[in-house]
Every structure is written in C-alpha cells, then in structure tokens.
Protein chains: 2
Amino acid sequence: MTFNNQKSVENLTDPWQAQLKKGTLEMAALAALWSGPLYGLEILRFLETKSELVLAEGTIYPILSRLKKEGLLTSEWVEAEAGHPRKYYSLTASGRERIRHMAAVWVDFSANLRRLIQPVLDHKGQKEEKR
Amino acid sequence: MTFNNQKSVENLTDPWQAQLKKGTLEMAALAALWSGPLYGLEILRFLETKSELVLAEGTIYPILSRLKKEGLLTSEWVEAEAGHPRKYYSLTASGRERIRHMAAVWVDFSANLRRLIQPVLDHKGQKEEKR
DNA sequence: CTCGATACATTGTATTGCTATGTATATTGC
DNA sequence: GCAATATACATAGCAATACAATGTATCGAG
C-alpha cells in the first residue's frame, strides 16, 4: 500500500475539461431524455456511449434533482424484476421547451467559438517545421 | 432613485450562459492573442466583435493573470500617446502549444454535444403545430 | 481642479462538477 | 441464514471560475 495510490492516473479528469462541462451537463441530461424516460445510471451510460461524455455518479444525481426542482423533469419509481427499484426521469413540457432553447443557444455559442479558434486550427502542420 | 435599480435588466447575464463560458474563456483569450499582442480591454472588444462573446472587465483580468502565472502569456507595459499605459499580452511558445491543444479538444467536445442534441434540433417546426 | 473616459485590478458570491462516502435492495455462495 | 458482490440512488465537502461591485491611476477638457 506504499504508493498504490496511482489509482487516479486513469480516473483523473483534466480540470480544464471539467470546467468545459459546466452548464453543458444539464443540457446533455435533458437531451438524453428527449427520446424517452431513462433512470439515473442509464443516463450516464447513454451519454458515455452516444457522446463520449463521461460523468461521475456524484455528478448526475444533483443535476437530476436540480432539473426536477425546476419542473423540467418528473420522476417515477419503477420496480425492476432483477434488482432494486429505479427512478425513471421524463421530460415535462417545460423541460422539452427548455432543451430546445438550450440546443439553439448551444449551436450559436459553439459556432462563435469555432470561428474564433479557426485560425489556430488552420495552423496545423507548422509544428513539424521545428524539427 | 426609487427603483432605478432595474439597471440589470439588460446587463444581466443568463446564469446558464455564464456557466457555458466556464473554461472556454481561457481558450478564447488565448485565441484572441493568436495573431498578435493585445491589451486587456482590447481583448474584450475583440471577443465581442469576432465572437459575440461578451465578458465583464472583472472577468478578463483574473483570466489573464492566471494564464500568465501558468507561463502561457507574457505581458509588457506600453505607454499610450493618449491615455494611460496599457499592458500588452503575448502568447509564449507554451501558450501557443496550449491553445492548439485546447482548440483540438474543443472541436471534439462540441462535436460530441452536437451529435447529442441533433434529435432536438431535428424536431423544429413541431412547435408551430401548437398554435 | 473637478469631471469623465480609459485601463488595470481585487473582493466576495454563486454555480457546478468531482471525489469520497453512505445507504438500500437483490443475488450468489457457503 | 449470512457475508460478499453488484446495482442504484444519494449527500457532503472541495475546487474552479464567471460575475457584480468596487477601487485605483492616468490623462484631457472645461
């Protein structure tokens, strides 16, 4: 147990990329529910599969609580045949409206940033020169 | 002065959109300096013009300090003919490398989110139905 | 010499994602 | 029965960061 604590090496989230997620995870959670109800862990897996967006359990539940408190989601306990009850979340009408708005804002926002970094992206290849 | 304090009505930043900016503003500031040195307020105006990205003065200076402390920027006081000295910031080699990396990460990240919200965007038009 | 504009800077607050835990239920092995 | 394991939901404390509000300094105009 001397220094087995390198555990985090692959678990560690780049703090910058953690910051990037701020705000987008609410959008992502709502978007995940767009096509039908899912329960908490299922949302995690959905996001990881569909968008390579990895978030911790400790992250998703507070988000879902917040969204529910805002009236964007409703939840319902459902018994599972194997295992323990699951809390399924569904979009409310208000949630549906919100995610549409968020999506539109996001498209603009990301396009703006994209335009901003375009010169940086265009630069590619010049790095080789240095060798 | 009774309730002139509606001041914020147009000054108010949507808290969600404030969250969206987290992390991206460091990238934006570095990107603004890609084509040459600028001073603080000039960066604000550049971002507002080029990317509709509005940030408060109280936001840009801490960012520049952070980036400088990380060795991504250098700064230099320059006398202005009219007015007060300006602190011009320039990218270091390390900063140039960082912004290239950030730009690449951003492109991936935004593409992932875009894919996620695509079904929501496709939904457009259905809202009209309600009228 | 005061007023306003420009420019840089700091302080306190709120939001939010993450790590580390904790709790409950059901299944499996003995 | 009962520990061990897996699934699922939940909370507490921490860290990062954008913002509003404020403060300081310099210069030009009147």
Side-chain angles (χ1 to χ4, degrees), chain A residues 5 7-29 38-47 53-70 73 75-89 109, chain B residues 5-29 38-48 53-70 73 75-89 109:
Chain A
N5 314 22
K7 48 150 187 175
S8 342
V9 169
E10 61 177 344
N11 214 359
L12 210 57
T13 340
D14 174 359
W16 178 58
Q17 300 194 31
Q19 292 302 318
L20 270 193
K21 294 184 191 170
K22 298 235 168 136
T24 67
L25 293 189
E26 288 194 356
M27 181 175 76
L38 299 174
Y39 64 92
L41 291 186
E42 213 173 3
I43 295 176
L44 283 192
R45 294 189 208 110
F46 180 91
L47 294 178
L53 216 63
V54 179
L55 44 164
E57 288 187 38
T59 303
I60 190 65
Y61 293 110
I63 290 175
L64 292 172
S65 298
R66 270 188 338 251
L67 295 175
K68 186 179 172 186
K69 200 172 301 174
E70 283 186 70
L73 300 181
S75 63
E76 186 188 13
W77 284 103
V78 175
E79 308 282 326
E81 65 279 5
H84 348 65
R86 295 160 175 172
K87 206 178 197 173
Y88 279 84
Y89 290 88
F109 178 73
Chain B
N5 313 25
Q6 46 151 352
K7 49 151 187 173
S8 341
V9 170
E10 61 177 342
N11 214 359
L12 209 57
T13 340
D14 175 357
W16 178 59
Q17 301 194 31
Q19 293 301 318
L20 270 194
K21 294 183 190 170
K22 297 235 171 135
T24 66
L25 293 188
E26 287 194 357
M27 180 175 77
L38 298 174
Y39 63 91
L41 291 185
E42 213 173 2
I43 295 176
L44 284 192
R45 294 190 208 109
F46 180 91
L47 294 178
E48 189 163 349
L53 215 63
V54 180
L55 43 163
E57 287 187 38
T59 303
I60 190 64
Y61 293 109
I63 290 175
L64 292 172
S65 297
R66 260 177 3 236
L67 295 176
K68 186 179 171 186
K69 200 171 301 175
E70 284 186 73
L73 299 181
S75 62
E76 187 188 12
W77 285 103
V78 175
E79 309 281 325
E81 64 279 5
H84 347 64
R86 295 159 176 174
K87 206 179 199 173
Y88 278 84
Y89 289 89
F109 178 73

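Side-chain atoms are counted along with the backbone in the values below, which use heavy atoms only and exclude waters and symmetry mates.
Atom pair A:Leu20:CG and D:dT17:P shows a separation of 10 Å (rounding to whole Å applied). Atom CD1 of A:Ile43 and atom P of D:dT7 are 18 Å apart (whole Å). D:dC19 atom C1' lies 14 Å from atom CG of B:Leu53, rounded to whole Å. Between the C1' atom of D:dA8 and the CG atom of A:Leu55 lies a distance of 15 Å, rounded to the nearest Å. Taking atom CG of residue A:Asp14 and atom P of nucleotide C:dG17, one finds them 16 Å apart after rounding to whole Å.
The two residues B:Gly23 and A:Gln19 have their closest heavy-atom pair at CA-CB, 3.9 Å. For the pair B:Tyr39 and B:Arg45, the tightest heavy-atom approach, listed with the atom from each and the gap, is OH-NH1, 3.6 Å.
Separation of atoms CG (A:Leu25) and CG (A:Leu53) is listed at 6.0 Å; rounding is to 0.5 Å. Remark: A:Arg86 CZ to A:Glu79 CD distance equals 11.0 Å, nearest 0.5 Å. Remark: B:Leu67 CG to B:Tyr89 OH distance equals 9.5 Å, nearest 0.5 Å.
For A:Lys21 (side chain) and A:Val54 (main-chain N/O), a donor-acceptor pair under 3.5 Å exists by modelled atom type.
The residue A:Ala56 sits close to a base: some heavy atom pair falls under 4.0 Å. Among the protein residues, A:Ile60 comes within range of no part of the nucleic acid, since none of its heavy atoms lies under 4.0 Å from any strand.
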Check nucleotides 13-16 of chain C for protein N or O atoms closer than 3.5 Å to its own N or O atoms and list the pairs.
unit_1 : atom_1 : unit_2  : atom_2 : d
C:dT15 : O2     : B:Lys22 : NZ     : 3.0
C:dT16 : O2     : A:Lys22 : NZ     : 3.0

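For B:Glu70, the CD atom sits in a packed shell: over 12 heavy atoms of surrounding residues, nucleotides or ligands are nearer than 6.0 Å.
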Quick one, give me the B/S/- string for nucleotides 5-10 of chain C, reading 5' to 3', where B means a protein heavy atom under 4.0 Å from the base and S means that only happens at the primed atoms, P, OP1 or OP2. BBBBBB

Sequence neighbours left out, cut at 3.5 Å: what donor-acceptor pairs do the side chains of residues 55-66 of chain B make with other protein atoms?
unit_1  : atom_1 : unit_2  : atom_2 : d
B:Ser65 : OG     : B:Tyr61 : O      : 3.1
B:Arg66 : NE     : B:Glu26 : OE2    : 3.1
B:Arg66 : NH2    : B:Glu26 : OE2    : 3.0

